Engineer: 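Here's a structure for you.
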Amino acid sequence: QVQLVESGGGLVQPGGSLRLSCAASGRTFGSYAMGWFRQAPGKERELVAAISRAGTRTYYADSVKGRFTITRDNAKNTVYLQMNSLKPEDTAVYFCAASSGVVMTTIPGQYDYWGQGTQVTVSS
């Protein structure tokens with residue numbers, strides 16, 4: 001089992017940047033595929049980015065491609081989401097999630113563990 005704790009959210013102006021971190025407990029972090037999701041008020045949770053166990057493969061939603069970067073440091077049990085050129089429509093609660101059964105996945109139902117979320121607000 002793994003516990004996930006996100007940090008780094010906050011209020012930022014349009015065009016600004018934020019870096020989210022997700023720290024995982026346990027000694028088997030490298031065996032989990034990781035993903036970042038977000039959920040805006042009144043909308044369904046959506047996958048933003050995913051990364052494979054070793055960090056060699058990544059996936060991005062079209063809405064964030066070219067602006068967001070997902071990385072991981074297995075030695076530090078942490079996955080990151082660098083968000084640049086933020087837009088008001090990026091405003092949401094951001095969650096990290098871990099999947100134990102696959103190398104990488106874009107299917108929300110395949111993620112077994114979830115963090116509590118961190119609020120990102122993009123507004124002037």
Side-chain angles (χ1 to χ4, degrees):
Q1 192 169 1
V2 63
Q3 292 183 325
L4 305 172
V5 179
E6 303 97 335
S7 61
L11 173 64
V12 63
Q13 292 186 342
S17 298
L18 281 175
R19 188 196 196 199
L20 304 183
S21 298
C22 174
S25 64
R27 295 176 290 178
T28 59
F29 179 69
S31 66
Y32 293 93
M34 299 298 296
W36 282 99
F37 292 76
R38 67 185 180 187
Q39 187 167 20
K43 295 187 177 181
E44 293 187 356
R45 190 172 297 189
E46 63 172 346
L47 177 65
V48 173
I51 191 166
S52 62
R53 293 173 180 174
T56 54
R57 293 164 53 196
T58 57
Y59 163 87
Y60 297 96
D62 287 343
S63 58
V64 306
K65 202 171 293 183
R67 300 187 299 122
F68 290 12
T69 303
I70 186 171
T71 57
R72 66 188 296 164
D73 186 337
N74 286 348
K76 295 183 178 180
N77 284 13
T78 303
V79 61
Y80 305 96
L81 186 68
Q82 178 67 44
M83 306 186 294
N84 299 328
S85 302
L86 283 161
K87 305 175 181 179
E89 50 263 44
D90 294 318
T91 295
V93 178
Y94 284 71
F95 302 85
C96 70
S99 175
S100 60
V102 295
V103 173
M104 188 176 84
T105 181
T106 61
I107 302 173
Q110 291 188 336
Y111 285 87
D112 309 294
Y113 306 101
W114 295 81
Q116 82 290 349
T118 185
Q119 176 71 46
V120 172
T121 303
V122 184
S123 175
S124 56

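We count residues from 1, following the sequence as given. Below, each value reflects all heavy atoms present in this structure, side chains not excepted, and no hydrogens, waters or symmetry copies. The structure displayed is predicted, hence computed values, not measured ones.
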Engineer: I'd like to know whether CD of Q3 has more than 12 heavy-atom contacts from other residues, nucleotides or ligands below 6.0 angstrom.
Structural biologist: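 Not buried by this count: 12 neighbours or fewer within 6.0 Å.
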Engineer: Could you check if a side-chain atom of D90 sits within less than 4.5 angstrom of a side-chain atom of R67, using non-hydrogen atoms only?
Structural biologist: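 Yes; the side chains approach each other to less than 4.5 Å.
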Engineer: Could you work out, with side chain to side chain contact (heavy atoms under 4.5 Å, CB included) as the rule, every residue matching S21, not counting sequence neighbours?
Structural biologist: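 S7, T78, Y80.
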Engineer: For residues 30-75, which residue pairs pass the disulfide (SG to SG under 2.5 Å) check, not counting sequence neighbours?
Structural biologist: none
Engineer: Pairs in or reaching into residues 16-115: which pass disulfide (SG to SG under 2.5 Å), with residues at least two apart or in two chains?
Structural biologist: C22-C96
Engineer: Hey, mind stepping through V103 and R57 against side-chain contact (heavy atoms from CB on, under 4.5 Å) and telling me if it holds?
Structural biologist: CA-CA 9 Å; V103 173; R57 293 164 53 196; 3.9 Å; yes
Engineer: According to the salt bridge (Lys or Arg N to Asp or Glu O under 4.0 Å) rule, which pairs have a member within residues 114-124, sequence neighbours left out?
Structural biologist: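 For residues 114-124: none.
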Engineer: Listed by chain and number, what are the side chain to side chain contact (heavy atoms under 4.5 Å, CB included) partners of S124, not counting sequence neighbours?
Structural biologist: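 In terms of side chain to side chain contact (heavy atoms under 4.5 Å, CB included), with neighbours along the sequence ignored, S124 is linked to P14.
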Engineer: Nearest 0.5 Å, what's the CG-OG distance between L47 and S63?
Structural biologist: 9.5 Å
Engineer: Given side-chain contact (heavy atoms from CB on, under 4.5 Å), test W36 with F68 step by step and report yes or no.
Structural biologist: CA-CA 11 Å; W36 282 99; F68 290 12; over 6 Å; no
Engineer: Check side chain to side chain donor-acceptor pair (under 3.5 Å) between K65 and all other residues, then give those that pass, not counting sequence neighbours.
Structural biologist: D62
Engineer: Checking the side chain of R53 only, and the main-chain atoms of S31 only, is there a donor and an acceptor separated by less than 3.5 Å?
Structural biologist: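 Judged by distance alone, yes, a pair lies under 3.5 Å.
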Engineer: Hydrophobic clustering (ILVMFWY, side-chain heavy atoms < 4.5 Å, transitive) - are M83 and Y59 grouped together?
Structural biologist: no
Engineer: Could you list the residues that satisfy side chain to side chain contact (heavy atoms under 4.5 Å, CB included) with E46, not counting sequence neighbours?
Structural biologist: R38
Engineer: Can you tell me how far the OG atom of S99 sits from the CE atom of M34, to the nearest 0.5 Å?
Structural biologist: 9.5 Å
Engineer: Can you see which heavy atom on Y111 is nearest to which on G35, and at what distance?
Structural biologist: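 Looking at all heavy atoms of both residues, the shortest contact is CE2-N, 3.5 Å.
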Engineer: Provide the closest heavy-atom pair for A24 versus V2 in the form atom of the first, atom of the second, distance.
Structural biologist: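 Reported closest heavy-atom pair: CB-CG2, 3.7 Å.
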Engineer: What is the distance from atom OH of Y60 to atom CD1 of I51, rounded to the nearest 0.5 Å?
Structural biologist: 7.0 Å
Engineer: Do any pairs count as a salt bridge (Lys or Arg N to Asp or Glu O under 4.0 Å) and have a residue in residues 68-84, sequence neighbours left out, and if so which ones?
Structural biologist: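 Every pair satisfying salt bridge (Lys or Arg N to Asp or Glu O under 4.0 Å) with a residue in residues 68-84: there are none.
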Engineer: Evaluate the criterion side-chain contact (heavy atoms from CB on, under 4.5 Å) for residue pair S17 and V12; output intermediate values, then yes/no.
Structural biologist: CA-CA 7 Å; S17 298; V12 63; over 6 Å; no
Engineer: In chain order, what residues pass the salt bridge (Lys or Arg N to Asp or Glu O under 4.0 Å) check against R45, with sequence neighbours excluded?
Structural biologist: none
Engineer: Per the disulfide (SG to SG under 2.5 Å) rule, what does the pair list look like for residues 28-94, sequence neighbours excluded?
Structural biologist: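 Qualifying pairs, neighbours excluded: none.
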Engineer: To the nearest 0.5 angstrom, please state how far the CG atom of L4 sits from the CD atom of Q116.
Structural biologist: 9.0 Å
Engineer: Passes side-chain contact (heavy atoms from CB on, under 4.5 Å), V79 versus I70? Steps please.
Structural biologist: CA-CA 7 Å; V79 61; I70 186 171; 4.0 Å; yes
Engineer: Crowded around E44 CD? As in, over 12 foreign heavy atoms under 6.0 Å?
Structural biologist: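 For E44, atom CD is not crowded (no more than 12 foreign heavy atoms under 6.0 Å).
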Engineer: What pairs of residues pass the disulfide (SG to SG under 2.5 Å) test when at least one of them lies in residues 43-82, not counting sequence neighbours?
Structural biologist: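 Every pair satisfying disulfide (SG to SG under 2.5 Å) with a residue in residues 43-82: there are none.
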Engineer: To check you understand the geometry: which heavy-atom pair defines the closest contact between L20 and V120, and what is its length?
Structural biologist: CD2-CG2, 4.0 Å
Engineer: Which distance, rounded to the nearest 0.5 Å, do you find between the OH of Y94 and the CG of L81?
Structural biologist: 7.5 Å
Engineer: Could you tell me which residues satisfy side chain to side chain contact (heavy atoms under 4.5 Å, CB included) with V93, sequence neighbours excluded, listed by chain and number?
Structural biologist: F95, Q119
